[in-house]
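Keep in mind that this is a model prediction, so the values were computed, not measured. Numbers restart at 1 for each chain; the letters A, B, ... are given by sequence-line order, proteins then strands.
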Amino acid sequence: MDESNRNSSYLDEPPNSRLFLVTSKSITEEIIREHFTDFGEIQDIWVVKDKHTKESKGVAFVKFARSSQACTAMEEMHGRTLVEGTKPIKVFIAQSRSSGSHRDVEDEELTRIFVMIPKTFTEDNLKDNFKVYGDIEYAIIIRNKTTGDSKGLGYVRFHKPSQAAKAIENCDKNGELQVMFVAYRAIIAEPRTKNASADNDYFSTPRPEHVPNDPGSSSFLFAHESSSSYSGGGGGGDSWSSDITHCLVVSSRATITQEQIYSLFDLIPGMDYCEMQRDQYGFSKGQVVVRYSNLGSSVYAREKLHGFEYPPGNRLSVAYVDDGEDRTSPVGKMAMQLVAAQMMSVVWNGPSGAQLLKSSTQGFSAPPPPLQKARVQTDVTLPSLKKLLPPDTVAKERLFVIFNPSPLPIDVLEDVFCRFGSLIDVYLVPSRNVGYVKFAERKHAHDAITMLHGRVINGVKLKVMLADPPREESHKRQRTY
DNA sequence: CGACGGGACGC
DNA sequence: CGACGGGACGC
């Protein structure tokens, strides 16, 4: 029964995963279960009864594991008659227990998502990435009104709550598995009339408390100097040429269109061909051939998109078309990493990376940006500079660094910590003398401790140690569905 | 009209 | 001593 996972059925987590049913006094838990079980994982059914007489009040709550399951059940079951002679039932998404409101939750509040996207996305990119969940009423990107620059945020309005819920769930999956850096971290948009920023079940604790002003919050913590990211790049030379075909074949069991595959694979720069394979009668063979102008992009596309669920529930298969190229060679790997680094830069740093994108489509013969060498003064000999990994790489080890008397600049820290290898990210806690350093390889982090703990860099003494795991009540979404 | 129970983590 | 990053729409 529901003793399986009390946490997930206890609160309204994930949001909008609980139904409020208006039935009849004669409708029992068993009858409800029978009619709702096929929509997903039911975690709890509760028929509200009078405390004293134990008679049903004709209302019930059904908690599903996922919002999409609850929404689909609502869409399918609202207005249905469960038992001959009883009135048709009403089905709504339940108000969260903390809200205190008993107003019906309207579809209006469940069909629009607010989503964080790369700044390079256009409205069409946004639509293309979300249309797999259903017809989109509209998609808009929030822009700076004077410059027209994207703020990296958008709204997508679907027709049905279940479509919006699926979009959100799949965005979470993307962020979690780092399958792609397409749109992710989507939430149900707050209604526009309401005052923004305040009460959001997603980011505030169930018991909203006053949060003191944070004087440092205006700085853009995500924007980081990435100059050192390229310190090791460009080593492959021009040993691959653009006239070699760099072809992939994409196979899908579900029906897909050439346009869908185009949209997906065009997110990786350098695509110069995308065609559905058809038989002599023009019927799709369920295979699309994609060619990139360079090895790195094809390797990258294969790595990132093989097994990718698109549309959700359907795993794409991406294989190389045999053209004799050895992609396991160091050159192939390096080419891929270079594409990855360039894409991260282009994607997250916005239009200024357009030139970089252009050069990469031409086989990226352009040299990496010149490294602005940070001046590092210390009494130890550090290893040579190494490349940083993309910010969304999974960290295997995290260091906690204490600075005395004051923090070193981010670029100096990146310069220092990248030298041990597999550095992902350095983060300084605002207005504190501490920071975190993420590594993809445990050994590299430990090497950094061994070499840097207790040392003085640019006159700043460091304590370098393993970080404690992040605090539990972080604002990160819990994947309980 | 039609809105919130029962049971109780695991060091 | 020294602890955890980003979010909102011209009506």
Quiz item: Any donor-acceptor pair under 3.5 Å between the side chain of A:Asn404 and the base of C:dG2?
Solution: no
Quiz item: Is a donor-acceptor contact shorter than 3.5 angstrom present between the side chain of A:Arg157 and the base of C:dC9?
Solution: no
Practice problem: Kindly indicate whether the side chain of A:Arg18 and the base of B:dC4 share any N or O donor-acceptor pair separated by less than 3.5 Å? | Solution: yes
Quiz prompt | Residue whose nearest DNA chain B nucleotide is more 5′ - A:Val22 or A:Lys51 | solution = A:Val22
Quiz item: Under the 3.5 Å rule, do the base of B:dG5 and the side chain of A:Lys49 count as making a donor-acceptor pair?
Solution: no
Self-check item: Qualifying residues under side-chain contact (heavy atoms from CB on, under 4.5 Å), relative to A:Glu441, sequence neighbours excluded
Solution: A:Ser422, A:His444
Self-check item: Base B:dG5 paired with A:Asp44 side chain (donor-acceptor, <3.5 Å)
Solution: yes
Practice problem: Please report, rounded to the nearest Å, how far the P atom of C:dG7 is from the CD1 atom of A:Ile188. | Solution: 20 Å
Exercise. For A:Arg143, report the nucleic acid contact type (base, sugar-phosphate, nothing); a contact means any heavy atom under 4.0 Å.
Key: nothing
Quiz prompt | Rounded distance in Å - NZ (A:Lys57) to P (B:dA3) | solution = 6 Å
Self-check item: Any N/O donor-acceptor pair, A:Arg432 side-chain to C:dC4 base, under 3.5 Å
Solution: no
Side-chain atoms of residues 151-158 of chain A: list all donor-acceptor pairs with protein atoms under 3.5 Å, sequence neighbours left out, distances to 0.1 Å.
| residue | atom | partner | partner atom | Å |
| --- | --- | --- | --- | --- |
| A:Arg157 | NH1 | A:Glu108 | O | 2.8 |
| A:Arg157 | NH1 | A:Thr111 | OG1 | 2.9 |

